[in-house]
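Since this is a predicted model, take the numbers as computed values, not measurements. Counting from 1, the numbers follow the sequence of the chain as shown. The figures here come from the full heavy-atom set of this structure, side chains too, leaving out hydrogens, waters and symmetry mates.
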Amino acid sequence: MDNFEFDEYDIKAKVNWKIWKRVIKNVLSFRKLFLIATISVVIVALIETLYFYFISLIGIEEIVRGENFQYLVWFVPIMVIFSLGQAIFVYTFIYYTAQLEINFYKKHSKATFHHLQELPFSFYDKNSTGWLLARVTSDNERLGEIVSWGTVDLMWAIFKLIFVLTAMLIIHWQFALIMLIIIPVIIFVSIRFNRLIIHFARKVRRINSKITGSLNEGITGAKTTKSLNLEEKNLYEFQKLSRKFRKTTVTSSVVSSLYYQIISIVAGLGIVFVIYQGGLLVIDNVFTLSTLFFLVMATMSFFDPILNIAFFANDMKHAQVAAERVFNLIDIKPAITDSEEVIAKYGTTFEHKKENWEDIKGDVEFNNVSFSYGPDNPVILNNFSLKVNACQTVAIVGETGAGKSTIVNLLCRFYEPTSGIITIDGKDYQDRSVAWLHANLGYVLQSPHLFSGTIRENIRYGKLEASDQEIEEAAKIVGAHQFIINLENSYDTEVGETGAKLSLGQKQLLSFARAIIADPRILVLDEATSSIDTETEFELQKAIKELLANRTSFVIAHRLSTIKNADIIIVLQKGVILEAGTHDELLKNKNYYYNLYTNQFIEEKMKEMNF
């Protein structure tokens, strides 16, 4: 599964027990924290029950009449012991439950992010960043909160019911049976509300993801928004989503509140019944005021855990929605995977077996390669063949949609051919690992991406063990050294998020330095000089010449002046090679490339002359 459809969930689906088995399994991986928290909360439930039971034993009416006053001497210290014990175990319960929540969230977030690193370029090419952020952050956070605090609270509720019912059976078993009759009523109400609550929970989470996606686009596309004067339109769209979120959230809250109120009314009626019937029995001297006090307090305590169970049942429905979304992401099978034989020899994405990695010479061949982005999409390449010898530079030109980026994306194994094979050094590249290929690959994009951190750190990403001297040498080769040392903190200057503190040209220079320091055997330049001004481009040509030397290079270029020295220039049209040859050879042919180059040359000259 490559294309992740976020709206595919059935909002009317029932409780998914398979999901909950996975959640419980993850909770039990922290069984020590869960066990300590559960034992602590069970002891709290026991202390709360014993507290009222003890009060009923001392005889309240006798103390009120001044009889058995000696019990007060024991009453105060025992109450202090109860209070101290409860405080200690409440603290223990809160501490370990918080640890459980943090560790659960950490494990799930790590697993989600780990899986995201394994998914291919095609996945990110098709799915919104905002949707993914919602799953890694808010969905995991919501799930962690409910399965930790909710589960431990459920343990408290269950044992509190057991302790209270046991005490009621001891004091007056008839009332205990009456209380048990109310439980089926609560179960019936819960079942009736179950699907409705899940329905609205799913809708709320879905709209929340859309809002996250809208926020992400609004922030990352701020420059485009302002340049196109789209503030009002974006605000309208965001407000539309917000109003929908508010309406759905309010409806969800009303349904949940109605559920809680019905349970509360049932509980209230139970308490009224106990007070009324118990009062009559006290008047008739069937049992004492102390017994009535205990039964009233026990009834109130009886409904507290039932309400907690009701709250947990509701929260569990919200948690299921979050769990569905997280596990659906984790369960996506990468479209590009290595075979078991390849993994055994070369290792995985995270665990490399570099001792088995062969050196790359650089011979690349496309052999009858066909490709489309899906069964319902048009064919981009059809029986495409191309042979490139080691250390040759191949330039690819053509109109938009001709298949230029598709060729390099297939070469980099961001996608894989629909049919045909691609060989590197005469061997099908699927017979070696993706990690092996990417370790020997350099890719400079049209819009370079820098990570938050310093200039030095961003260049070092090309070679993590690089020394400061190697970093500065790489910067000098591409002509970036001078602008870097003119900055206030030189190589230790923070570039900001995605390199926001630097110009587009400066970011491109740093991406070149990062590629040079990596020293890849195969290099891809995808419109890499399109963001550079003419003066900078002239200086950069020296660096490009150095960068292309002694390695196989694929260059996608809009500016044809940058590829005149390429060993082979291929002209693509609808995935088919229209022309191929050197710059001079193609000019002599006076065909498509000749017209393209001549028109571009005239345009540039007119710009220079300020036409």
Side-chain angles (χ1 to χ4, degrees), residues 121 336 346 354 357-369 371 381 384-398 402-417 420-446 448 462-463 474 477-478 511-529 540-557 560 562-572 577 579-583 585-586:
F121 175 80
I336 298 174
Y346 295 94
K354 291 187 177 182
W357 287 10
E358 299 94 340
D359 293 332
I360 287 183
K361 180 183 175 184
D363 291 324
V364 176
E365 184 173 3
F366 290 74
N367 191 354
N368 294 321
V369 170
F371 178 78
L381 297 179
F384 176 83
S385 295
L386 175 67
K387 186 173 182 179
V388 182
N389 295 324
C391 301
Q392 278 190 322
T393 296
V394 180
I396 309 172
V397 299
K404 303 186 298 295
S405 294
T406 300
I407 289 173
V408 296
N409 284 337
L410 290 171
L411 170 66
C412 297
R413 214 175 162 192
F414 296 152
Y415 295 88
E416 288 182 336
I421 63 171
I422 299 173
T423 65
I424 295 177
D425 296 342
K427 188 174 182 179
D428 188 342
Y429 74 166
Q430 293 185 17
D431 291 336
R432 295 189 175 101
S433 69
V434 175
W436 167 85
L437 175 61
H438 290 173
N440 290 283
L441 187 72
Y443 199 125
V444 181
L445 298 166
Q446 176 181 358
K463 181 182 177 182
I477 291 173
V478 301
S511 71
F512 268 79
R514 187 165 60 195
I516 279 183
I517 203 170
D519 192 25
R521 299 310 307 150
I522 299 175
L523 177 69
V524 174
L525 302 182
D526 189 354
E527 302 277 11
T529 61
L540 196 58
Q541 290 306 313
K542 303 174 186 177
I544 292 176
K545 186 176 181 180
E546 180 74 24
L547 190 61
L548 300 180
N550 300 317
R551 56 176 54 90
T552 306
S553 304
F554 288 76
V555 181
I556 298 176
L560 302 183
T562 63
I563 60 171
K564 289 190 294 185
N565 297 322
D567 297 305
I568 307 171
I569 299 173
I570 63 172
V571 181
L572 280 183
I577 298 178
E579 293 183 271
T582 65
H583 174 73
E585 288 170 348
L586 294 179

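Judged as a side-chain contact (heavy atoms from CB on, under 4.5 Å), and not counting sequence neighbours, the contacts of S405 are N409, D526, I556. The salt bridge (Lys or Arg N to Asp or Glu O under 4.0 Å) test applied to E358 returns K345, R432, not counting sequence neighbours. Scored by the side-chain contact (heavy atoms from CB on, under 4.5 Å) test, N550 finds no partners at all (sequence neighbours excluded). Applying the ring pair (Phe, Tyr, Trp, His ring centres under 6.0 Å) test to Y443 and every residue at least two apart in sequence or in another chain returns F414. The salt bridge (Lys or Arg N to Asp or Glu O under 4.0 Å) test applied to D363 returns K361, not counting sequence neighbours. With sequence neighbours excluded, no residue forms a ring pair (Phe, Tyr, Trp, His ring centres under 6.0 Å) with F554. The side-chain contact (heavy atoms from CB on, under 4.5 Å) check on A439 picks up W357, with sequence neighbours excluded. Considering only residues two or more places apart in sequence or on other chains, Q430 meets the side chain to side chain donor-acceptor pair (under 3.5 Å) condition with none of them. With sequence neighbours excluded, the residues forming a side chain to side chain donor-acceptor pair (under 3.5 Å) with R413 are D338, E416, listed by chain and number. Qualifying salt bridge (Lys or Arg N to Asp or Glu O under 4.0 Å) partners for K463, counting only residues two or more places apart in sequence or in other chains: E470. Scored by the side chain to side chain donor-acceptor pair (under 3.5 Å) test, S433 finds no partners at all (sequence neighbours excluded). Qualifying side chain to side chain donor-acceptor pair (under 3.5 Å) partners for T423, counting only residues two or more places apart in sequence or in other chains: none.
For the atom pair L525 CG and I563 CD1, the distance stands at 11.5 Å (nearest 0.5 Å). Here the CZ-CD1 distance, from F366 to I422, works out to 4.5 Å after rounding to the nearest 0.5 Å. Within the model, atoms CD1 of I424 and CG of D431 stand 11.0 Å from one another, a figure rounded to the nearest 0.5 Å. For the atom pair CG (D428) and CD1 (I421), the distance works out to 5.0 Å, reported to the nearest 0.5 Å. Atom-to-atom distance recorded for I522:CD1 and R551:CZ is 11.0 Å, nearest 0.5 angstrom. Within the model, atoms CG of N367 and OG of S385 stand 5.5 Å from one another, a figure rounded to the nearest 0.5 Å.
The shortest non-hydrogen separation linking I570 to A580 is CG2-CB, 4.0 Å. Scanning all heavy atoms of the two residues, the minimum distance from L437 to L411 falls at CD2-O, 3.5 Å. Scanning both residues, A474 and I516, for their nearest heavy atoms gives CB-CG2, 4.2 Å. The shortest heavy-atom contact between V397 and A557 is CG1-O, 3.9 Å. When every heavy atom of D567 is checked against every heavy atom of T393, the shortest pair comes out as OD2-N, 2.8 Å. When all heavy atoms of A515 and P520 are compared, the closest pair comes out as O-CD, 3.2 Å.
The 12-atom threshold is exceeded at NZ of K427, counting heavy atoms of other residues, nucleotides or ligands nearer than 6.0 Å.
Between I568 and Q392 there is a side-chain heavy-atom pair separated by less than 4.5 Å. At a threshold of 4.5 Å between non-hydrogen side-chain atoms, the residues L410 and P417 count as touching. For the pair T552 and L523, the minimum side-chain heavy-atom distance is 4.5 Å or more. Between V524 and V444 the shortest side-chain heavy-atom distance does not fall below 4.5 Å. Taking 4.5 Å as the limit, some side-chain heavy atom of T406 sits within range of a side-chain heavy atom of F371.
A salt bridge does not link D359 to R521: none of the charged nitrogens lies less than 4.0 Å from a carboxylate oxygen.
The backbone N or O of N565 lies less than 3.5 Å from no partner atom in the side chain of H583, so there is not a single donor-acceptor pair.
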